[in-house]
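So that the names make sense, note that chain A is the first sequence line, chain B the second, and so on, each numbered from 1.
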There are 2 protein chains.
Amino acid sequence: MTDISYPTKDIRLAVDCIIFGFSGSELSLLLIHRGFEPEKGLWSLMGGFVKDDEHLDESPRRVLKSLTGLDDIYLEQVHAFGDVGRDPGGRVVSLTYFALIRKETEDEVLLDEHDARWFPITDLPELIFDHQEMVKSALKQLILKTRIQPIGFNLLPEKFTLPELQSLYEAIYGRRLDDRNFRRRILSLGILEKLEEKEKSNSKKGAYLFRFDKTAYDALREDAAKMNVFLTLF
Amino acid sequence: MTDISYPTKDIRLAVDCIIFGFSGSELSLLLIHRGFEPEKGLWSLMGGFVKDDEHLDESPRRVLKSLTGLDDIYLEQVHAFGDVGRDPGGRVVSLTYFALIRKETEDEVLLDEHDARWFPITDLPELIFDHQEMVKSALKQLILKTRIQPIGFNLLPEKFTLPELQSLYEAIYGRRLDDRNFRRRILSLGILEKLEEKEKSNSKKGAYLFRFDKTAYDALREDAAKMNVFLTLF
DNA sequence: GCAAAAGTGTTTTGTCTACACCCATGA
DNA sequence: TCATGGGTGTAGACAAAACACTTTTGC
């Protein structure tokens, strides 16, 4: 939350966004520099108050649009934080959402205006209030969800290489994966469409580009649902 | 939510509890009969408004205490529901919590006073507002969580038999499990302490009682955490 | 021709599945 | 003695883990 007015003594409802991005081999978070008291100078999640006539899930969309210029962001509600006194300005209950965005699609000018910066998830600055805890729970949810739903693709360009995809999983899970096993596993699911093109910016040989095949995934998921069985992607 | 007053035009924050219980071989939900308009005569989740100076997680505890007389209930926050117009009485954002309680520990008199009744999860009555959706998401979370954390024990007495435990998992997952495989798997984790006593109410031979061994589980979980690896219970 | 990343296969190990019979006891 | 639920073992299928070398090509 960045809004500094706390008009009533009643509970106010805010949203805070944990914005994940990925590039190279690093998972990172978009944070904004807090230019006012309290806790001026620290960093915080992007947030805002929920409007009276606004659908809950619209609220983070509006906030993200204002920060990045982007629509169509993958968003998932994480948790409501409501300790009395968590926000020194009054009783604010904050709903957190994590967002997955494709870095380099965001609007640099808007980011600058908000004094926003990307930080590697492994090296975050000090955050205001309970935002550290919010990040932690969002990351946990991202990890769990990634295992069972193909949401990671929202962090990659539409076309991506297998080494890129592997790096992403490694960044999310925080551990190295065996390339051969990774390939075999992810390809065996049949949810990746191999393209003819190669991406040559990372190597001389070039790596084949793939695209996520939503239709194939939906079929896979339906099969699993029919048998009341758990689907694990990786 | 059962409170019928909506004092302001601003967003009000409520909690609704999805109360799971287990007995025999059935997972069930505790619902209350709605005695006033709108939607009088239907059934609803137990709920209430969050108080101005109340810690969020305290709110469902208070609500549950008033309904069942119980403290020390396993509670987990699920999701915030905030469609504009989801509650015809005003803008109410409702936070849902699922609760796991040991049936037969609850206070019958209080339940009667609230016109509360247990319903099998497979055969629920019509619910008010979006409570159906709330139940669905809570059940989904229960299923997912059960796989990776030993929360099911909160639905069983402290001492339980393996057939009981298996029935519980079957009820939660909604499918039959092989007894031999179930036993092998759950025992191999080493998180159950076998007692000398037998429980004879379900069979002539009697089944050994077990107790959840939290210490062993914590050690197991820590090992998994160290290796950044996923822990699956069943 | 060499450095750097992409791509490929096999063996071993362990885990999950499927499946059928004996045991203990109260009635 | 029989009906009922509790308890056990094994073989085969499958999936995961471990592991090393070849390919391509820009420089």
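- As rounded to whole Å, 14 Å separates atom P of C/dT8 from atom CD of A/Gln166.
- B/Lys200 places its NZ atom 13 Å from the C1' atom of C/dA27, with the value rounded to the nearest Å.
- The side chain of B/Arg183 contributes an N or O atom lying less than 4.0 Å from OP1 or OP2 of D/dG7.
- Residue A/Arg180 has no polar side-chain atom (N or O) positioned under 4.0 Å from OP1 or OP2 of D/dA18.
- No engagement by A/Asp179 is indicated, since no non-hydrogen atom pair under 4.0 Å with the nucleic acid exists.
- With distances taken from any side-chain atom of B/Lys205 to the nucleotides D/dG7, C/dG7, C/dT10, the minimum falls on D/dG7.
- In this structure, B/Glu199 places its CD atom 14 Å from C1' of C/dT25, rounding to the nearest Å.
- Taking CD of B/Glu126 as the reference point, atom CG of B/Leu42 lies at 5.0 Å (rounded to 0.5 Å).
- Between A/Tyr217 and A/Phe212, the angle of the ring planes lies from 30° to 60°, which puts this pair in the tilted group.
- Counting to the nearest Å, the P atom of C/dT15 and the CG atom of B/Leu189 are 11 Å from each other.
- The aromatic rings of B/Tyr169 and B/Phe234 sit perpendicular, their planes meeting at an angle over 60°, well past the 30° parallel limit.
- Atom pair A/Leu165:CG and C/dA6:P shows a separation of 13 Å (rounding to whole Å applied).
- Atom CE of B/Met227 is separated from atom P of D/dA16 by 17 Å (rounded to the nearest Å).
- Closest-nucleotide positions on DNA chain D for B/Gly206 and A/Lys198 were compared, and the one nearer the 5' end corresponds to B/Gly206.
- When each of A/Phe210 and B/Ser203 is assigned the nucleotide of DNA chain C with its nearest heavy atom, A/Phe210 is the one assigned upstream, toward the 5' end.
- Protein atom CG of B/Leu177 is 17 Å distant from nucleotide atom C1' of D/dG6, rounded to whole Å.
- Regarding contacts with the backbone of C/dA6, every side-chain N or O of A/Lys204 stays at 4.0 angstrom or more from both OP1 and OP2.
- Rounded to an integer number of Å, the gap from OH of B/Tyr208 to P of D/dT8 is 9 Å.
- Ring geometry, A/Tyr74 versus A/Phe98: the interplanar angle falls from 30° to 60°, so the pair is classed tilted.
- Remark: the A/Asn181 side chain and the D/dA18 base include a donor-acceptor N/O pair separated by less than 3.5 Å.
- Looking at heavy atoms from C-beta onward, B/Gln77 lies in side-chain contact with B/Asp57 at the 4.5 angstrom threshold.
- Proximity note for A/Arg184 (side chain, C-beta onward) versus D/dG6, C/dG7, D/dA18: the nearest is D/dA18.
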